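Being a predicted model, the structure only gives us computed values, none of them experimental.
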Amino acid sequence: MRVRRRDHPPVRVNESADLPAASRQLAADVERLSSSHELFKRLLQRNGVPPLWWRPASVETLVRFILEQQVSLASANAAFNRLEVRLNGVTAEGVFSSTDDELKADGFSRQKAGYVRGIAEEILAGELDIPALARDGDKARERLLGINGIGPWTAACFALFVSGDRDAWPTGDRALYVSMARNLELADVPTRHDGDRIASEWSPLRSAAAKMLWHDYLGGTAYVPRTDAGFSDGTGKVST
């Protein structure tokens, strides 16, 4: 693949996102879920509406998703922050030009270093337009699944947190299954198959369901937002 220089600045925000409208839609979806399912009625009464947890359509967001695969959010945040400091801002150019040793020192595994460098290469070659993907959720999922290092969990998170898909379900997310087990009083944490089967009953509002379960897992009303994970709450504040 030949990489050409990009003659325009990196897009750092999803300019098409209407965050106040997205927040209102989330509140409406939460209300609908709570009126139809006892589980979400209890969660709403206990915790209120969960955060919007929106992320911009940018290379930074895809790098974060790669880092967050199968590790704690704290570990992923630490690696991203080291990368951001070293590059003085995460761009496709900076990621692509980073050496294996530099990325390893930032906290990337060998595999994840290859994944993010491959994503950066596609962006620089003009073959991956992240803001355009964010505007078309259906095409985004198919396109992202064709990228090395991006599987169903990452594609679903992009649909949920970037595209604003209202029925995205991050299959394989351990925290979701643990929260389901606690709140449904299951004997064990469900397998991916069983957890996804249960979640299918909440379609077409699985995005709101996931956020309510995550919010409860994180402590609900006791949850204290972080400031280093690249999320917006819909009011312009950055949190997680």
Gap between atom [atom2] of [Y] and atom [atom1] of [X] - 0.5 Å precision:
X: Asp18; Y: Gln25; atom1: CG; atom2: CD; result: 11.0 Å
X: Cys157; Y: Arg64; atom1: SG; atom2: CZ; result: 13.5 Å
X: Met180; Y: Leu186; atom1: CE; atom2: CG; result: 7.0 Å
X: Gln69; Y: Ile150; atom1: CD; atom2: CD1; result: 7.5 Å
X: Asn77; Y: Ser72; atom1: CG; atom2: OG; result: 8.0 Å
X: Met212; Y: His37; atom1: CE; atom2: NE2; result: 10.5 Å

Margin query: What verdict does the side chain to side chain contact (heavy atoms under 4.5 Å, CB included) test give for Glu102 and Phe108, after you've listed the backbone C-alpha separation in whole Å, the side-chain angles of each residue and the deciding distance to 0.1 Å?
Written below: CA-CA 9 Å; Glu102 287 172 332; Phe108 287 76; over 6 Å; no
Flag side-chain contact, heavy atom, 4.5 Å: [X] against [Y]:
X: Leu128; Y: Ile130; value: yes
X: Thr154; Y: Leu145; value: no
X: Asn81; Y: Asp106; value: no
X: Val49; Y: Leu44; value: yes
X: Trp53; Y: His215; value: yes
X: Tyr177; Y: Thr171; value: yes
X: Leu103; Y: Leu83; value: yes
X: Glu68; Y: Trp153; value: yes

Is it the case that the side chains of [Y] and [X] hold a donor-acceptor pair, with the cut-off being a distance below 3.5 Å and no angle test?
X: Ser203; Y: Asp167; answer: yes
X: Ser58; Y: Glu60; answer: yes
X: Arg42; Y: Ser34; answer: no

Check: Trp214 and Phe161: aromatic ring centres closer than 6.0 Å?
Finding: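 Between Trp214 and Phe161, the centre distance is under 6.0 Å.
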Check [X] against [Y] and note the closest heavy-atom contact, atom names and distance.
X: Leu52; Y: Leu19; value: CD2-O, 4.0 Å
X: Pro190; Y: Ala181; value: CD-CB, 4.0 Å
X: Ser207; Y: Asp165; value: OG-O, 2.5 Å
X: Ser98; Y: Leu87; value: OG-CD2, 3.9 Å
X: Phe40; Y: Leu213; value: CE2-CG, 4.4 Å
X: Ala159; Y: Ala168; value: CB-CB, 4.1 Å

Note to self: Run the side chain to side chain contact (heavy atoms under 4.5 Å, CB included) test on Ile147 and Arg143 for me, step by step, so that the C-alpha distance in whole Å, both residues' side-chain angles and the decisive distance to 0.1 Å come before the verdict.
What the structure shows: CA-CA 7 Å; Ile147 297 174; Arg143 176 67 178 91; 3.4 Å; yes
Check: With sequence neighbours excluded, what pairs up with Ala79 under the side-chain contact (heavy atoms from CB on, under 4.5 Å) test?
Finding: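 In terms of side-chain contact (heavy atoms from CB on, under 4.5 Å), with neighbours along the sequence ignored, Ala79 is linked to Leu67, Arg82.
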Margin query: Hydrophobic cluster membership, with links at side-chain heavy-atom distances under 4.5 Å among I/L/V/M/F/W/Y: are Val59 and Val85 in one?
Written below: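 Cluster IDs for Val59 and Val85 differ.
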Next item on the list: Kindly work out whether a path of hydrophobic side-chain contacts (I/L/V/M/F/W/Y, heavy atoms less than 4.5 Å apart) joins Leu176 to Leu184.
Entry: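 Yes, one cluster joins them.
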Whether over 12 other heavy atoms sit under 6.0 Å from [X] [atom1]:
X: Arg174; atom1: CZ; value: no
X: Gln45; atom1: CD; value: yes
X: Glu142; atom1: CD; value: no

Check: Relative to Phe96, does Arg117 satisfy both conditions: NZ or CZ under 6.0 angstrom from the six-membered ring centre, and within 45 degrees of the ring's axis?
Finding: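 No, cation not above the ring by the 6.0 Å, 45° rule.
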Item checked: Expected output: side-chain Thr61 to main-chain Ala57 donor-acceptor under 3.5 Å ->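 It does not hold such a pair.
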Check: Can you list every pair that meets salt bridge (charged side-chain N to carboxylate O under 4.0 Å, His left out) and has a residue in residues 209-222, with sequence neighbours left out?
Finding: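 For residues 209-222: Arg46-Asp216.
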Item checked: Pairs involving residues 21-40, ordered by first then second residue, that meet salt bridge (charged side-chain N to carboxylate O under 4.0 Å, His left out) (sequence neighbours left out) ->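 Qualifying pairs: Asp29-Arg166.
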Notebook entry, point to check: Where do Trp169 and Asp196 land on the side chain to side chain contact (heavy atoms under 4.5 Å, CB included) test, with the steps shown first?
Noted result: CA-CA 8 Å; Trp169 179 256; Asp196 292 353; 2.8 Å; yes
Next item on the list: Run the numbers on Leu62 and Phe158 for side chain to side chain contact (heavy atoms under 4.5 Å, CB included), then give the verdict.
Entry: CA-CA 8 Å; Leu62 280 186; Phe158 185 94; 4.0 Å; yes
